[in-house]
Amino acid sequence: MSHLDALNEPQRQAVLCTQGPVMIVAGAGSGKTRVLTYRIAQILQQGTDPFQILALTFTNKAAREMRNRIEGIAGQQARHLWMGTFHSIFARLLRGNAEKIGYPTHFSIYDTEDSKSLIKTIVAEMQLESDLYKAGYVYNRISSAKNSLIGPEQYANSAELLAQDASASRPHIHQIYSAYAQRCFRAGAMDFDDLLLKTYALITEHSDVLNRFQHQFRYILVDEYQDTNLAQYRIIKMLAAAHRNLCVVGDDAQSIYGFRGANIQNILKFKDDYPELKTFQLEQNYRSTGYIVQAAGSLIARNIHQFEKKLWTGNEQGAKIRLSSAVSDGEEGRFIASDLMEARLRNQLNYSEFAILYRTNAQSRPLEEALRRQNIPYRIYGGLSFYQRKEIKDMLAYLRLIVNPSDEEALRRIINYPTRGIGKTTLDRLYAWAGERNEPIWTLLTAMADQPTAPQGMNKVVDFVFMIRGFQTMSAREDAYQVAQHVSKHTGLHRLLVEDKSVEGISRMQNIEELLNAIREYTEEDEVDPATGEVEGRDRSLAGFLQHVALLTDADLDADDENAEKVSLMTIHQAKGLEFSHVYVAGLEETLFPSSMSMESRADLEEERRLFYVAITRAEKRLTLTYAQTRFRHGNFLYPEPSRFLSELDPSCLDWQKNSGHQAAPPFRMGSTITRSGSASGHSYGNTRAQTYGSSNGKGSNPYGKAVHKPVRSQPTPSNSEPANLVQFEPDDTTNLKAGMKVLHQRFGKGDVLSVEGDAPDHKATIRFIQQGEKIILLKFARMKIIG
DNA sequence: TACTAAGCTCTTTTT
DNA sequence: GAGCTTAGTA
């Protein structure tokens with residue numbers, strides 16, 4: 001048992017105590033993954049069949065990493081562990097028992113986009129006001145109901161929920177929910193939440209199934225237990241009921257998924273369910289330097305709802321946490337980029353040892369711009385994932401339809417794409433018929449196709465049916481790659497993309513090719529499927545691939561890219577579980593972090609604080625916090641205060657950078673300062689009244705384009721920081737950036753200095769600038785579409 | 001029916 | 001800034 005030497009005493013105990021209910025409270029950086037892997041290895045060494053061990057994580061990445069590490073200790077048998085995300089493991093359990101709850105074996109999995117699209121059609125069909133019943137809102141409502149195991153009937157019978165909806169003047173949510181559930185069922189489709197909800201239904205309604213699982217899984221381990229919701233909690237509890245060898249690992253201080261239904265009480269109250277529980281606390285942080293651990297501790301101590309614990313480290317004290325303010329979001333990016341560059345050269349570091357973290361995905365843009373300008377390679381996580389791109393979803397929709405022709409979202413997507421003359425009126429008729437009979441549209445379509453002559457106006461539709469049927473016959477014989485390639489050619493999808501010679505078109509084509517490659521690799525390689533945990537007897541059919549792909553996320557895509565020399569950019573949520581030598585956290589501003597949506601309730605604010613805690617504890621050696629005094633968001637300039645969280649950190653851990661060198665940007669460059677301070681240093685603008693130049697559409701007095709006045713939200717303290725004469729200038733499509741600048745010159749006189757960094761002559765531009773006396777200060781231009 | 005341009009909205013985190 | 005809707009045209 002020599003490998004256990006690598007563990008400290010609490011870790012060792014947690015590993016060796018394999019029997020009965022166990023809770024491991026593992027502080028940030030305390031070696032949680034290590035304990036989990038050694039524990040599983042330990043259970044295997046006691047002679048347990050890997051098939052009897054169930055290990056649940058929240059991300060494929062965590063599962064994959066753990067499997068690899070266990071394989072390193074315990075060898076090949078690690079491949080047969082039931083290890084994966086809640087969603088993928090439950091999907092696998094559901095596949096095997098789908099018919100018991102009335103679903104086809106190859107049920108589809110709707111992603112958020114599919115779900116919202118379906119909700120939108122239902123709202124339209126029910127003739128409800130689409131402003132009130134916005135898809136996102138309704139989806140969240142339904143999702144949180146499902147996460148609390150509330151089905152449509154229970155929803156309709158819950159006085160509390162109905163009252164909530166009524167007071168939000170959206171009384172029809174329960175009807176939408178009911179229709180939505182019906183339509184998903186009719187389509188043989190489950191959304192993400194259904195994977196939990198239906199698993200729960202399966203094991204509560206079919207005791208034989210529950211029994212089988214209960215006896216199969218002698219050992220159950222759950223990672224990130226603080227992020228489980230009610231559905232997950234109940235399912236785990238039922239599965240563990242026979243053997244009671246349940247081990248949960250988590251850190252209440254890192255519970256950051258409340259918005260997704262995660263209930264921190266699951267970990268705080270875990271002992272109530274298991275009185276014989278053994279608890280192990282891992283409090284020694286191996287990851288970070290002293291100041292970082294201390295600052296993190298001082299922050300999280302402000303939260304009331306948590307376990308009593310003291311995180312400590314034996315590591316050296318290290319450097320203090322640096323705190324820096326920038327004049328604008330662009331300046332913030334430039335500061336980070338140049339600081340990063342300098343630190344890298346001075347300390348001989350690899351780019352991959354740096355991460356830039358932020359609260360919202362939208363913050364990545366100015367950061368990316370700054371990095372590109374300095375030629376710093378970066379990898380950005382999140383945003384549009386590969387599998388959410390339009391062309392990929394189109395292709396997948398064909399494949400989904402082949403496997404499950406009832407899948408109405410897939411059908412809707414591609415029945416007329418590429419266009420084949422099946423227009424809106426035709427579709428409306430089909431939907432109406434299907435609705436009347438409550439049958440999948442496909443049933444209707446095949447009925448039409450099997451008649452000797454097609455009904456009026458349905459010839460094209462019948463052609464479509466025969467095409468899909470042809471694909472189906474093929475997929476019975478060939479593997480996924482063959483089918484996909486055939487589909488790409490015979491639907492016209494391929495031709496459509498090849499003909500598009502624009503930059504976007506070419507990249508779309510490349511994406512399709514990448515998808516085909518991924519499919520081929522899937523059919524050939526022998527690696528463990530991270531989404532299903534299967535390797536031998538792996539399903540190489542189309543159905544297998546779709547199952548595999550439905551639950552992948554962006555973070556899973558290019559695992560081989562992981563060691564590339566690139567700076568990582570991601571939201572803090574995505575950074576959970578990761579660590580970096582040098583970390584920047586950008587955008588520490590009130591209303592952004594904490595988010596304005598989380599400032600109402602104490603619980604929400606505590607979650608934001610935990611999120612900041614997660615951000616801080618990602619850093620090993622050096623942590624830099626930044627905020628901007630001006631932020632351009634969604635077409636408006638904001639003037640946020642520094643985040644309250646900054647003042648919650650133990651000041652003895654902080655090193656305030658006195659705005660060194662970054663206070664006053666040189667004039668006439670993008671991102672120039674907009675502050676109008678009454679004091680000595682600032683600029684003074686004579687005219688504070690907003691002006692609008694030009695008229696609309698090039699047809700009026702201004703032949704070059706139009707200018708739109710944007711109302712400016714001023715700071716509560718009106719004494720400073722209010723931009724004067726903010727104008728947005730939008731050249732029309734015949735005007736490129738240079739021409740746009742020329743227009744500005746003409747309008748404001750030759751003496752005015754106006755320039756942009758870089759050159760983008762092929763781009764349509766949105767230009768924002770202010771007039772300062774006789775001068776124009778360019779604040780920002782944003783590249784838009786490339787002109788033909 | 002298909003395509004394009006213009007207009008409007010809203011602003012968090014994700015398996 | 002992007003996604004979606006609407007209006008207008010071929």
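The chains referred to below are lettered A, B, ... by the order of the sequence lines, with proteins before strands, and numbering in each begins at 1.
- Between B/dT13 and A/S598, no contact under 4.0 Å exists linking OP1 or OP2 to a side-chain N or O.
- Phosphate contact (OP1/OP2 of B/dT13, side-chain N/O of A/Q574, threshold under 4.0 Å): absent.
- Here the nucleotide nearest the side chain of A/T419, chosen from B/dT13, B/dA2, B/dT15, is B/dA2.
- Across the interface with DNA chain B, nearest-nucleotide mapping of A/N416 and A/T112 shows A/N416 to be the residue nearer the 5′ end.
- Residues satisfying the ring-ring contact (aromatic ring centres under 6.0 Å, His included) test with A/F90, not counting sequence neighbours, are A/F86.
- Of the side-chain N and O atoms in A/N361, none sit less than 4.0 angstrom from OP1 or OP2 of B/dT11.
- Summary of the strand contacts: A/T425 and A/M597 both lie near DNA chain B, and taking for each the nucleotide with the nearest heavy atom, the more 5' one is attributed to A/T425.
- In this structure, the CG atom of A/L569 is 14 Å from the P atom of B/dT13, given to the nearest Å.
- The existence of a salt bridge linking A/R412 and A/E409 is confirmed by a sub-4.0 Å separation between a basic side-chain nitrogen and an acidic carboxylate oxygen.
- Within the structure, a side-chain polar atom (N or O) of A/R365 is placed less than 4.0 Å from OP1 or OP2 of C/dA2.
- For A/K120, whose side chain is taken as the heavy atoms from C-beta onward, the closest listed nucleotide among B/dT15, C/dT5, C/dG1 is C/dT5.
- One finds a salt bridge joining A/D114 and A/K393 here, because a Lys/Arg side-chain nitrogen approaches an Asp/Glu carboxylate oxygen to under 4.0 Å.
- Ring stacking is absent between A/F259 and B/dT12, as the pair misses the limits of under 5.5 Å between centres and under 30 degrees between planes.
- For the OP1/OP2 pair of B/dT14 and a distance below 4.0 Å, the side-chain nitrogens and oxygens of A/K576 include no atom meeting the criterion.
- Using a 4.0 Å cut-off, no side-chain N or O of A/T57 falls inside it from OP1 or OP2 of B/dT15.
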